[in-house]
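Structure first, then comments.
Along the sequence shown, the residues carry numbers beginning at 1.
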Amino acid sequence: LQLSGRAQVATGGAMAVDAALDLTQTAAAAATAGEWSAALGLSGPLARLEAKVKLLARGQALEAEAQLRPEQPQPLSRLQARLQEVDLAPLSSRLPQTALSGSIEARLEPGGTGSAGGASTSGRAAAPLQLQIDLTNRQPGRLDRQRLPLESLRIGATGDQAHPDTGTLETLRLVLHDGSGPVGTVLGKGRWSRSGPDSGNRLELALSATLQELQPARLDPRAPAMRLSGPLTLSWSQPPADHADQPPRATLQTDLRGRHERQDLPDLQLQLQMRGTPERIDLEKLRIGSDGARLQAEGRAERVDAGRRW
């Protein structure tokens, strides 16, 4: 490896920073492991730094620009990232092989009230006011083949500037793909909120999604060969950190219609309503109907043996 760089920090005034770091391979290393390089730059006053990162490796590229405010509770003020053919697999053996391209943009305000102190009047760091993610995956595939069954992802979220602890997921669009063709689309909207004193915030999440022609068997061969469509709602409540006796809670509700790939098999309708915690799951309603036949069920599952076995 070859490392080169420079750094200057002024000792007076705003303490201006000017730094650059470059990391490259030697010719011998590039011939055996493939060529790659990394560059990092920092500039501006210490209280508001502009950072630039550029990574290049075997046809992949990641470029990011960020504004950092190190002294604030929320140090990341702005982020813009661009990806080209990025593969997640080299980062961890548990991650799938991908070829992600697109952009990620996040804008965070230092405070929801416009204060110069960098936090809302309650002292908490403000939530993101804008988040836009637009990615495509050129190498989708099934998870059992160490691929990601995702062709494209689009997310748009906006926070409330007057109430920085609340926000809306305005756009969620996932186009699923198993490597041979599309296998369904997921559309959704949602909302999040935080409440409570600084010592512990309660987090509330809510998601309303619609499945369109989802083919689970093409994502996992053990799943039934049918096409699922219909609404799905999910909520999550995370209690404050200082309320250890209150577990997080989740609810799930669906009303799906399934159409079999085989023409000789009847369609079915699935209605499911359940809620749970890490220690208990309550199946409040399960109804499956198909060609005049009906199945209804209710149930409960709890952990035993110090919470390890169900």
Side-chain angles (χ1 to χ4, degrees), residues 1-27 29-30 35-57 60-84 86 91 102-135 155-167 192-201 203 240-242:
L1 297 178
Q2 295 178 335
L3 177 65
S4 61
R6 56 179 175 78
Q8 291 181 339
V9 179
T11 57
M15 298 184 68
V17 176
D18 183 13
L21 181 67
D22 294 292
L23 182 63
T24 59
Q25 289 178 295
T26 62
E35 185 175 357
W36 65 268
S37 63
L40 170 65
L42 291 173
S43 61
L46 186 60
R48 187 186 293 268
L49 290 171
E50 297 290 337
K52 294 184 178 182
V53 178
K54 186 174 183 178
L55 303 175
L56 301 175
Q60 305 175 57
L62 171 61
E63 297 185 54
E65 298 180 4
Q67 186 179 86
L68 305 176
R69 305 187 65 176
E71 297 180 353
Q72 301 301 328
Q74 173 56 58
L76 180 61
S77 177
R78 174 177 49 83
L79 172 67
Q80 291 181 313
R82 293 170 294 278
L83 296 80
Q84 179 181 335
V86 173
L91 301 178
S103 62
I104 300 174
E105 296 187 13
R107 180 169 59 85
L108 297 89
E109 291 292 336
T113 62
S115 63
S120 63
T121 55
S122 64
R124 292 189 295 269
L129 284 185
Q130 186 174 0
L131 174 65
Q132 296 290 330
I133 301 176
D134 197 346
L135 298 176
I155 293 177
T158 304
D160 187 338
Q161 186 167 2
H163 303 89
D165 289 330
T166 66
W192 75 87
S193 65
R194 292 185 303 167
S195 60
D198 296 343
S199 58
N201 297 325
L203 177 63
D242 56 358

Run the side chain to side chain contact (heavy atoms under 4.5 Å, CB included) test against [X] and tell me which residues pass, sequence neighbours left out.
X	result
A66	L68, L76, L79
S37	T24, L56
S43	E50
L203	R194, L205, Q238

Of all the heavy-atom pairs spanning [X] and [Y], show the shortest one and how long it is.
X	Y	answer
A57	W36	CB-CB, 3.5 Å
A157	Q132	N-NE2, 4.5 Å
P70	L49	CG-CD1, 4.3 Å

Quick one: side chains of residues 10-18, donor-acceptor pairs under 3.5 Å with protein atoms, not counting sequence neighbours, listed by atom name and distance.
unit_1, atom_1, unit_2, atom_2, d
D18, OD1, R6, NH1, 3.1
D18, OD2, R6, NH1, 3.2

Could you give the distance from [atom1] ([X]) to [atom2] ([Y]), rounded to the nearest 0.5 Å?
X	Y	atom1	atom2	result
L62	Q84	CG	CD	10.5 Å
E63	L55	CD	CG	9.5 Å
L23	Q2	CG	CD	9.0 Å
R82	Q80	CZ	CD	6.5 Å

With S103, the side-chain contact (heavy atoms from CB on, under 4.5 Å) member among I133, L135, L83, D134: D134
V9 side chain reached by L46 side chain, heavy atoms, under 4.5 Å: no
Test item: L3 and L21 side chains (from C-beta on) under 4.5 Å apart, heavy atoms: yes
Name of the residue among E105, R107, R78 meeting side chain to side chain donor-acceptor pair (under 3.5 Å) with Q130: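 Exactly one option meets the side chain to side chain donor-acceptor pair (under 3.5 Å) with Q130, and it is R107.
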